[in-house]
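Everything on this sheet refers to the single structure shown next.
Each ligand, and each atom within it, is numbered from 1 in the order the structure gives. Heads up: numbering here begins at 1 and tracks the sequence.
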Amino acid sequence: MGVGRTGAARPDDVAAQPRLRAGGARQRRAALAHHRRRDAAEPHGDHRLELRRHRDRGDPHPDDARLRGRDAHHALELGHDPVLGAEPERLPGPLVVVPARRPVHRARRNGARARQLRHRRVREPAPAQCGQACPRAAQEGLHADRRDRRRHHGIRRDRDGCRRRRGGEGVSALPSGFLFGAATAAFQIEGAAHEGGRTDSVWDAFCRVPGAVIAGDDGEVACDHYHRYRDDVATMKELGLGAYRFSTAWPRIRPGHGPVNPEGIGFYDRLVDELLGAGIEPWLTLYHWDLPQELEERGGWASRDTAFRFAEYAVDVHAALGDRVTRWTTLNEPWCAAFLGYAAGAHAPGRQEPAAAVAAGHHLLLGHGLVVEALRAADPTLSLGITLNLTVVDPVDAGDPGDLDAVRRIDGQINRFFLDPLLRGEYPADVREDLAAVWAEGLVQEGDLATISTPIDFLGVNYYHGEAVSLQPAAPREALEAPTDRPTSTPFPAADGIFFHSRELPRTAMDWEVQPEGLTRLLTRLHEEYTAPRGTALYVTENGAAYDDEVAPDGSVQDADRVAFLEAHLAAVADAVEAGVDVRGYFYWSLLDNFEWAWGYAKRFGIVRVDYATQERTIKASGRRYAELIESVRSGLAAKR
Ligand code: FCB
């Protein structure tokens with residue numbers, strides 16, 4: 001996610017556990033064989049994309065190119081504001097920046113650097129200019145150029161009168177071995193919050209804080225996945241998912257961080273077996289924000305000790321499941337855990353202490369590094385990674401040094417605070433400087449950065465939307481954050497004077513802007529600047545949208561907006577793959593409608609609807625469309641188009 005969840009976009013907010021089951025070796029062999037087959041099928045690990053440094057491209061301001069970031073650089077190339085345009089009223093439609101591709105064969109023939117991305121300025125046609133009369137054209141914002149117009153009209157359409165074509169148009173660049181999955185998280189779906197020995201996490205406690213979560217919702221029942229996991233796995237199989245990204249609940253496995261709870265680990269033991277039995281790869285995340293409340297009471301992530309407790313818990317989970325699970329993600333979105341949890345107070349544990357947030361950020365990273373070291377030592381064949389929420393930050397006025405500095409600061413606090421220590425072994429100097437007032441002396445101890453930058457196999461990217469920032473005040477917007485009664489603060493300790501602007505982009509029910517091209521740019525930047533040099537693969541581990549779904553009289557859910565969102569973002573991933581970016585998989589968020597943190601159950605992200613009164617599941621039109629696309633890529637049909 002980006003900052004939208006918290007309302008930071010509002011100007012006024014700137015203010016050694018025994019193996020549990022027999023037969024493990026057989027399953028493990030099967031899992032390894034599966035991975036070997038998959039790896040053989042993944043053809044693009046050779047990092048053909050040459051690194052392109054800003055100074056190599058004649059950046060007019062080489063001294064501060066790094067500070068401004070790649071996006072600002074592109075904006076300068078354009079000559080002016082890529083977001084709104086310098087003189088928006090004279091333009092027939094909003095300006096967007098899209099990656100322009102040179103066909104690969106031509107690049108090769110020319111002997112030119114293969115598959116480089118160029119950015120160019122294009123003008124999004126107003127709806128009336130769209131070649132076909134399409135009532136959704138204004139909302140989708142997908143046809144920024146001819147290629148995108150084709151994509152827009154290539155997608156299958158439904159009752160709104162627009163034509164739809166079946167098949168894999170837009171995803172033809174994805175190789176047949178590309179991994180498709182869906183994601184969830186323990187607290188958001190499991191329920192059974194106090195069954196089987198599970199005790200409180202920080203989120204259970206936070207849900208009880210008056211006014212912290214919309215409608216006082218909690219995770220007591222959620223999607224009751226704890227009891228319905230078999231049916232849910234059957235649904236995944238029906239959709240044709242190749243992998244399922246889920247998280248294990250620390251307070252279920254080690255309640256109160258006490259001894260391992262056999263009943264707790266037993267649940268994941270059964271879930272993993274069910275997945276493997278259905279031919280679905282388990283993609284396990286060790287931490288998706290549900291810290292045992294007892295550890296919060298001992299300082300939480302602001303305390304260095306928590307990083308070591310996290311490593312203990314991880315080793316226990318691995319001891320129980322490591323014979324069958326090969327994909328291990330340490331953390332989900334440490335930015336949210338640290339800065340929404342400890343600075344904004346919008347997420348559990350609800351603290352509003354910027355220095356504690358910076359400490360939490362470092363300790364989460366340290367915990368990640370300790371786990372990578374420990375699991376690598378336990379089994380060098382594991383595939384290990386971390387998932388970050390990353391974004392593209394654009395200046396509102398690319399000619400304004402103040403806006404460019406705003407880009408630098410926000411990019412620094414969301415993206416580079418995590419990317420640089422993980423993949424370069426250092427915190428960026430400018431970020432340290434910006435955060436100096438809240439960066440405790442002695443926070444980073446000797447050896448921490450070496451641990452944090454222990455090589456990983458993959459970087460998980462969660463992308464929801466981009467940001468447009470400026471020092472100029474933004475026009476007032478609708479509330480972006482969960483309109484909770486409990487006041488929150490900014491998650492950015494160093495964002496004084498920065499305003500988050502809206503653009504003329506379509507929006508989801510979270511009021512998050514729909515910006516698929518941002519995903520292509522983000523993946524390309526990550527590949528060029530961070531992952532390719534280290535041989536680290538990229539996976540999109542979350543991307544999705546909430547919409548106000550309606551159930552038709554026949555019980556179906558025709559979520560056309562989500563279908564369009566999914567298609568546009570998969571096409572954006574395909575664009576990156578076609579440009580040579582080593583991205584190997586995509587997980588839609590989320591498999592099921594679920595507990596959306598401070599929003600409670602008010603927002604629905606699922607490709608499968610959950611009726612919370614009956615716990616009935618209904619595959620939405622988006623789920624059906626995802627299944628079609630998965631099948632077309634897997635069978636190679638998409639590529640033949
Ligand atoms: C991400 C979270 C996930 C979900 C989506 C919408 O930031 O990782 O749990 O809430 O946003």
Side-chain angles (χ1 to χ4, degrees), residues 1-9 181-190 201-203 206-207 213-214 217-219 222-223 225 244-250 283-291 329-341 344 346-348 364 385-391 414-415 418 459-467 480-482 484 491 507-514 519 522 539-549 562 565-566 569 586-608 610 622:
M1 62 161 285
V3 298
R5 184 205 298 286
T6 62
T184 64
F187 190 80
Q188 295 177 274
I189 65 162
E190 283 181 5
S201 71
V202 287
W203 268 97
F206 190 63
C207 290
V213 175
I214 298 291
D217 287 344
D218 59 36
C223 307
H225 172 76
Y244 172 53
R245 177 174 176 258
F246 64 99
S247 75
T248 49
W250 189 343
W283 192 292
L284 188 153
T285 299
L286 286 159
Y287 187 71
H288 200 126
W289 310 351
D290 43 4
L291 184 72
T329 299
T330 55
L331 303 172
N332 176 72
E333 300 190 353
W335 181 83
C336 294
F339 291 97
L340 294 183
H347 279 196
L364 280 152
I386 185 170
T387 277
L388 302 177
N389 56 303
L390 299 167
T391 189
I414 298 189
N415 298 328
F418 296 95
L459 174 67
V461 179
N462 291 0
Y463 173 80
Y464 287 91
H465 58 85
E467 310 293 346
L480 282 183
E481 80 263 45
T484 53
R507 290 170 183 279
T508 70
M510 301 290 283
D511 215 20
W512 295 350
E513 290 179 337
V514 179
L519 179 55
L522 175 60
Y539 288 84
V540 176
T541 41
E542 280 183 32
N543 172 247
Y547 288 106
D548 296 329
D549 299 328
R562 189 174 291 105
F565 183 99
L566 174 67
H569 285 79
Y586 172 94
F587 292 78
Y588 179 80
W589 179 274
S590 177
L591 176 72
L592 303 169
D593 291 340
N594 59 46
F595 175 84
E596 179 46 34
W597 309 113
W599 286 94
Y601 297 97
K603 300 295 173 190
R604 294 177 176 272
F605 278 86
I607 45 176
V608 176
V610 176
S622 56

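Here's the thing with Glu542: one of its N/O atoms is less than 3.5 angstrom from an N/O atom of ligand 1. At a 3.5 angstrom cut-off on N or O pairs, Trp589 does not count as close to ligand 1. Every N/O-N/O distance between Trp289 and ligand 1 stays at or above 3.5 Å.
Taking the side chain as every heavy atom from C-beta outward, Phe206 and Ser201 never approach each other to under 4.5 Å. Residues Tyr244 and Leu591 meet the side-chain proximity criterion, which asks for heavy atoms closer than 4.5 Å.
A donor-acceptor pair shorter than 3.5 Å cannot be found between the side chains of Thr248 and Tyr287. Thr541 and Asn462 share a donor-acceptor pair across their side chains, judged by distance under 3.5 Å alone.
Listed by chain and residue number, Thr508, Tyr547, Phe565 satisfy the side chain to side chain contact (heavy atoms under 4.5 Å, CB included) test with Ala545 (two or more places apart in sequence, or in another chain). With sequence neighbours excluded, the residues satisfying salt bridge (charged side-chain N to carboxylate O under 4.0 Å, His left out) with Asp593 are Arg604, Lys620.
Listed by number with element, the atoms of ligand 1 under 4.0 Å from a non-hydrogen atom of Trp597 are 3 (C), 4 (C), 9 (O), 10 (O). With ligand atoms numbered from 1 in the order given, ligand 1 contributes 2 (C), 3 (C), 8 (O), 9 (O) to contacts under 4.0 Å with heavy atoms of His288. Listed by number with element, the atoms of ligand 1 under 4.0 angstrom from any heavy atom of Gln188 are 3 (C), 4 (C), 9 (O), 10 (O). Every atom of ligand 1 with a heavy atom of Phe605 under 4.0 Å away is listed here by number and element: 6 (C). Residue contact check: Asn332 has heavy atoms under 4.0 Å from atoms 8 (O) of ligand 1.
Residue contacts with ligand 1: Lys603 is excluded, as none of its non-hydrogen atoms falls under 4.0 Å. Contact analysis leaves Asn389 out of contact with ligand 1, as no non-hydrogen atom separation drops below 4.0 angstrom.
The two residues Tyr588 and Phe605 make their nearest non-hydrogen contact at OH-O, 2.9 Å.
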